[in-house]
Amino acid sequence: MPPTDALNDYSVFSNPDFDPNEYANAVLAGEPYPPPPKSKSRGTTANATIASEAAKEDISVALGKLTLGIDDVSQQLRSLVTQHHEALLSEAASVHQLEGSLQSVRQGLSELGVSLEKLRLKIRVPYQNLSAHVVRIQRLQLAADVLRRTSRFVLVARRLDFQMNELAKSTSAPPQTNGKPESNKAPSKASAALEENIIEGERERTVAKAALSIAELTSLCNPEPTKPSSAEPLGPVAPIPLRSINSVTQHIPGIDAARVKITEEMENMLHDGLQNLNRSLLASALQTAHNLRVLPQLVQDVVDEIAETVEARIKYAFDLAGIAKEATKDAPTTAASLMYRSRVRTEPTNVTAPQWTNALWIRLEGLVDDLATNCIKIYTLEKVLKLKRDSASKIPFLEEALKVLDSKPSSTFWMTAARCLEASAKESAKGSTFVQQTLSNGYPRLLRLFHDFFSQIGVHTDTVYSQSYQSPETVLTLRAISNFESLYLSRSSNRLTETVGSAMSGGMRAPPGMPEGVTLARTVLKELDSARFDPLLVKAVAKNAATALDLFLGRVDTLIVRDRAATSLVGPTATPQQALNASLVSALYHCWLGLSKLGSEYHESVSAVIRPAVQNLKSDYEKVTEPLLLAIRRDLSSIAARLHRADFGKAIDPTAGPGGTSAYMKDMVDKLTFIRNEVLARFNVGDLMKTWLVSIVKRDIRTFVLHASLAKPLSEGGKLQLTSDMTEFEFALNAFMTDPSGGSKNRNAMKEAIAEDYNALRALRRLLFFDNQSLVLENQTSGLPPLIVLHHILVRSPLPLPHALHGWKVDEYVRWVDEHTEAEAYTLIEGCLSRWEGTVDDEERVSGEEYVGLARSVLIRVSAT
């Protein structure tokens with residue numbers, strides 16, 4: 001039989017789960033063996049199928065197969081033994097050697113057992129004895145601990161009884177009269193108060209000591225379990241509670257009663273201490289709570305109670321239903337009111353509006369007082385918590401309380417007050433137009449209430465609310481009512497914007513002038529003055545004012561004309577562009593003038609907000625007036641330069657009468673009259689007009705004097721003509737400086753401002769008729785600049801004038817003198833003298849030596865000074 005077929009035939013018998021009885025029963029019953037599994041694949045059930053076919057055969061056939069199989073197996077065994085008999089014999093021989101080894105191992109194991117028995121007698125038995133002694137010691141220690149705690153408990157319980165008796169005596173002790181009549185106690189009120197304070201202090205100390213005794217008794221009755229130790233044979237042992245001991249149990253009711261009594265005393269002291277801000281009484285209450293081991297919970301309860309009180313008070317202040325009841329409580333009953341009495345109104349009528357407003361403000365005033373009271377309580381409690389410390393660890397009570405609290409009591413108060421105030425304010429403003437309008441229009445009054453609140457708590461807390469610094473707590477509180485502030489600022493901004501719109505409503509046909517500028521400045525000042533008591537509000541109003549001023553400036557800037565017509569001085573009347581610009585400049589000037597002193601009236605932080613806008617007003621109108629003033633100076637200078645077209649070298653005609661003014665002077669007078677009456681008269685700028693007039697006159701006099709000192713040739717007739725022109729020039733200047741609204745006072749003030757240049761004009765008139773030697777005398781030429789004297793000396797001399805020597809025009813030289821210093825002008829004159837001396841012959845030098853000497857004398861005097 002092939003090996004594979006043999007294996008297939010014997011596969012049933014080689015199965016580890018083969019059972020001959022079951023196999024025989026299956027053959028007898030004609031059933032397959034082993035029974036086929038219910039769910040298996042074909043590949044895994046091939047052997048089972050073969051076995052099943054073998055089992056279904058006839059019994060005789062099966063027995064025949066078994067007999068053949070047994071014979072076959074016996075034959076295979078015989079052949080294997082025959083083939084491997086040598087190896088089998090060698091294995092059988094080695095069995096005898098193995099028996100010897102096993103015998104030696106067995107002997108060693110017996111010796112090891114003997115040794116283990118000896119070790120057990122030396123170690124285990126003493127260990128068991130030692131364990132028994134340790135257990136006995138632990139039990140003795142537990143008993144000793146119970147006895148110690150019981151003894152201490154009884155001692156402390158007796159002390160507590162004594163302390164409670166002392167507390168009862170101090171509570172019910174009558175006033176000591178010492179047998180004296182009642183009338184004798186009247187003069188000793190101070191001593192009675194002192195005695196009462198002493199009694200109260202003793203009472204507080206007694207309460208604190210009793211609280212400490214109660215805490216110790218509680219810890220003795222309920223000791224904390226010790227940490228388990230692996231060295232203890234009994235494992236972790238819980239302390240034995242003393243409540244199971246009869247001698248301790250009889251004291252428990254008294255201790256509980258004492259705890260209730262001490263807790264009541266502690267709460268009363270805490271309430272009285274907070275109510276009267278008595279720090280010593282508050283410290284005693286906190287010390288009692290610390291001794292009772294309830295300090296964190298007590299502080300949390302107090303803070304929560306105050307927070308709930310503040311929250312309820314804020315909600316009460318904004319309760320519209322309550323306001324309606326208060327407003328209508330004393331109102332006269334009418335048929336209409338009875339008709340609507342059943343409905344709860346949230347908006348007042350025109351008749352009841354004053355009562356509603358009064359009721360709301362009364363509630364808000366009460367709210368501020370309650371907030372101040374509770375805030376002072378919180379800060380007093382926090383200060384005492386900071387000062388009081390644990391006697392053993394020196395840890396402040398505040399740190400112990402913070403183990404339960406989320407933050408400091410003061411922080412909790414401010415957060416609660418701000419959150420509830422903000423929620424109530426927004427809710428009431430959203431649900432009632434009356435509240436929104438009343439508190440937004442009266443926001444300064446509401447803000448003053450909070451100022452009173454900050455001033456009340458400022459003595460007891462570290463909060464500061466001033467112009468220079470605002471504490472974070474105050475800012476947080478004011479942010480809670482920021483919705484009313486926004487409405488107030490919006491209305492303030494609308495008022496400013498309406499003022500700007502009203503000023504600019506006329507456009508170019510009716511541009512804003514002085515009244516509009518004054519109105520805008522007054523409106524800004526009024527808004528700032530309404531908010532000046534609060535540093536944050538006035539700063540916000542200042543921002544709105546700066547925005548309104550920028551808006552006004554921007555709209556004015558679109559109307560300003562900057563073309564040639566705005567500076568044209570042709571005449572005979574001012575141009576429409578000049579009239580428009582004059583009106584706009586008047587508005588800008590008066591608006592700036594009304595706001596120019598804000599820096600001295602308000603804090604620097606407020607001034608810094610509005611100062612740029614105010615400065616922009618000034619710079620803007622200066623940008624309009626500077627080109628016009630420059631054109632005026634330029635026109636007057638050009639007229640003065642026409643002086644040199646006149647003939648001042650002609651001889652005197654005895655037959656002719658006094659000559660009139662020169663043509664250029666007539667033009668000068670006409671131009672000054674036109675500028676004063678047509679151009680400058682349209683500007684309504686107050687004192688600024690005086691400044692303009694003084695600057696124009698001083699510049700015109702200086703220019704005229706320079707040109708007059710350079711007039712050459714100059715005869716006696718020319719001197720008379722020049723004198724006549726100067727006189728006419730003075731009359732024209734006096735008329736030019738006339739201020740119709742200022743009177744003689746303003747005219748004298750302007751004359752004082754131009755006194756130096758005016759005196760130079762008059763001195764030049766006298767200088768024309770001096771002899772040569774008088775030209776160098778200082779007392780004769782006082783009031784005249786040395787440069788004018790030098791010019792006149794050169795005019796009398798044969799020497800050329802500086803501009804002629806350098807090939808300049810007269811107006812160019814005058815412009816050069818105006819742009820350079822006097823020292824540079826004197827250097828130029830000295831150079832001209834030296835240059836002339838080096839270029840002329842002896843005959844010409846002789847004719848001019850006198851004038852050169854005069855000029856050098858003046859230069860030496862100037863250099864000496």
A side-chain contact here means heavy atoms from C-beta on lying under 4.5 Å apart; do L537 and Y443 qualify? yes

Any chance you could measure D557, atom CG, to N616, atom CG, to the nearest 0.5 Å? 10.5 Å

State, yes or no, whether a side-chain contact exists between D818 and R815 at a heavy-atom distance under 4.5 Å. no

Within-4.5 Å side-chain heavy-atom neighbours: L833 and L794: yes

Shortest non-hydrogen contact from S797 to K712? O-NZ, 3.1 Å

Given R702 and E756, is the salt bridge (Lys or Arg N to Asp or Glu O under 4.0 Å) satisfied, shown in steps? CA-CA 10 Å; R702 191 179 300 113; E756 183 179 354; over 6 Å; no

V852 side chain reached by W836 side chain, heavy atoms, under 4.5 Å: yes

If we only count heavy atoms from C-beta on, is the M737 to I754 side-chain gap below 4.5 Å? yes

May I have the step-by-step check of salt bridge (Lys or Arg N to Asp or Glu O under 4.0 Å) for D620 and K623, ending in yes or no? CA-CA 5 Å; D620 209 57; K623 291 178 182 178; 5.1 Å; no

From L636 CG over to D700 CG, what is the distance, rounded to the nearest 0.5 angstrom? 4.5 Å

Compare every heavy atom of N779 with every heavy atom of S782, then report the nearest pair and how far apart it is. OG-O, 3.6 Å

side-chain contact (heavy atoms from CB on, under 4.5 Å) between L768 and H792, intermediate numbers included: CA-CA 8 Å; L768 296 176; H792 189 65; 3.7 Å; yes

Check whether the side chains of Q721 and D725 place a donor and an acceptor atom closer than 3.5 Å, and report yes or no. yes

Any non-hydrogen side-chain atom of Y826 less than 4.5 Å from a side-chain atom of S863? no

Charged N-O contact under 4.0 Å between E498 and R491: no

Where is the tightest heavy-atom contact between A708 and L764, given as atom of each residue plus distance? CB-CD2, 3.7 Å

Anything under 30° is parallel, anything over 60° is perpendicular, the rest tilted; go ahead and classify Y813 against H803. tilted

Could R448 and F533 be counted as a cation-pi pair, given that NZ or CZ must be under 6.0 Å from the ring centre and within 45° of the axis? yes

Output for pair (L593 CG, K618 NZ), nearest 0.5 Å, gives 10.5 Å

Using every non-hydrogen atom in the two residues, find where S583 and P511 come nearest and quote the distance to one decimal. OG-O, 3.5 Å

In Å and rounded to the nearest 0.5 Å, what is the CD1 to CD1 distance from I675 to I632? 4.5 Å

Return the orientation label for the W592 and Y589 ring planes: parallel under 30°, perpendicular over 60°, tilted otherwise. tilted

How long is the straight-line distance from CD1 of I639 back to NZ of K671, given to the nearest 0.5 Å? 5.5 Å

Side-chain touch L549/L595, heavy atoms, less than 4.5 angstrom: yes

Could you walk me through whether R856 and E837 pass the salt bridge (Lys or Arg N to Asp or Glu O under 4.0 Å) check? CA-CA 13 Å; R856 293 194 185 278; E837 289 176 341; 3.1 Å; yes

Nearest atoms (heavy-atom pairs only) where V556 meets P512: CG2-CG, 4.5 Å

Determine whether W808 and P802 make a side-chain contact, defined as any pair of heavy atoms from C-beta on separated by less than 4.5 Å. no

What is the minimum heavy-atom distance between L520 and C591, and which atoms define it? CD2-SG, 3.8 Å

Mark yes or no for whether H590, through its side chain, and N684, through its backbone, hold a donor-acceptor pair below 3.5 Å. yes

Check the pair K526 / R495 against side-chain contact (heavy atoms from CB on, under 4.5 Å), numbers first and verdict last. CA-CA 11 Å; K526 181 180 178 181; R495 287 191 290 268; over 6 Å; no

Could you walk me through whether V524 and I610 pass the side-chain contact (heavy atoms from CB on, under 4.5 Å) test, one step at a time? CA-CA 10 Å; V524 172; I610 199 172; 4.0 Å; yes

